[in-house]
Amino acid sequence: MGTHANARLWFNPREAHGIEGVLAPRTPSILFYFVSETGVRSDAAVGAFIVPIERGELVAGAEDVLVDLVFWNDALEGKVLEGQEFEMWYGRTIGHGRIVGPQLPFDGFDTSS
């Protein structure tokens with residue numbers, strides 16, 4: 001199932017249309033719109049699970065959160081590159097982020113914890 005890459009996320013504050021409550025890790029409903037170097041947002045959304053790497057909650061106003069993004073689409077292999085920026089959508093734009101680590105094949109969730 002898909003590929004994954006490390007990313008840093010910034011969530012909008014609640015008063016700026018941020019999420020309500022805590023976003024559960026591995027929520028499958030998050031969509032990502034990649035943004036070009038010229039600031040143009042892609043028309044095509046891609047889905048991914050957010051798996052936190054560092055401790056901390058995924059809440060409105062959270063900043064610089066290191067996560068692993070597990071993309072649903074195998075067709076993204078080789079296309080998710082370090083430095084790419086994106087917007088996060090969950091019924092509305094709830095934040096943005098940047099790919100900071102290599103794209104790796106995904107071999108399943110760690111269920112040991």
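Ile19 and Trp10 fall into different hydrophobic clusters, where Ile, Leu, Val, Met, Phe, Trp and Tyr side chains are chained together by heavy-atom contacts under 4.5 Å. Under the 4.5 Å side-chain heavy-atom criterion for Ile, Leu, Val, Met, Phe, Trp and Tyr, Ile94 and Val35 are members of distinct hydrophobic clusters. Linking Ile, Leu, Val, Met, Phe, Trp and Tyr residues whenever their side-chain heavy atoms come within less than 4.5 Å leaves Leu66 and Val51 in two separate clusters.
Environment of OH in Tyr33: crowded, with over 12 heavy atoms of neighbouring residues, nucleotides or ligands closer than 6.0 Å.
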Is there a side chain to side chain contact (heavy atoms under 4.5 Å, CB included) between Ile50 and Leu58 once you walk through the steps? CA-CA 9 Å; Ile50 299 174; Leu58 305 176; 3.8 Å; yes
Please step through side chain to side chain contact (heavy atoms under 4.5 Å, CB included) for the pair Ile30 and Leu23, ending with a clear verdict. CA-CA 10 Å; Ile30 305 297; Leu23 186 65; 3.7 Å; yes
Phe86 and Val46: side chain to side chain contact (heavy atoms under 4.5 Å, CB included), yes or no, with the steps? CA-CA 10 Å; Phe86 53 83; Val46 294; over 6 Å; no
Between Ile99 and Leu81, is the side chain to side chain contact (heavy atoms under 4.5 Å, CB included) condition met? List the steps. CA-CA 7 Å; Ile99 302 297; Leu81 304 174; over 6 Å; no
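Taking every heavy atom of both residues into account, Gly47 and Leu31 meet most closely at CA-CD2, 3.9 Å. The minimum heavy-atom distance linking Thr93 with Asn12 is given by the pair O-ND2, 3.2 Å. In terms of heavy-atom proximity, Glu82 sits nearest to Gly101 at CG-N, 4.4 Å. Residues Ala7 and Leu69 approach most closely at CB-CD1, 3.8 Å, considering heavy atoms. Nearest heavy atom pair, residue Gly21 against residue Val59, reads O-CG1, 3.9 Å. The two residues Val80 and Ala5 have their closest heavy-atom pair at CG1-CB, 4.0 Å.
Under a 3.5 Å cut-off, the side chain of Arg8 and the backbone N or O of Asp64 do form a donor-acceptor pair. Side chain of Arg92 to backbone of Gly18: a donor-acceptor contact under 3.5 angstrom is found.
Under the 4.5 Å side-chain criterion, counting only non-hydrogen atoms from C-beta, Met88 is not in contact with His96.
Here OH of Tyr90 is found 11.5 Å from CD of Glu20. Values are rounded to the nearest 0.5 Å. Remark: Phe34 CZ to Glu87 CD distance equals 11.5 Å, nearest 0.5 Å. Residue Glu85 holds its CD atom at 10.0 Å from OG of Ser36, rounded to the nearest 0.5 Å.
Using cut-offs of 30° and 60° on the angle between ring planes, the pair Phe32 and Phe71 is perpendicular.
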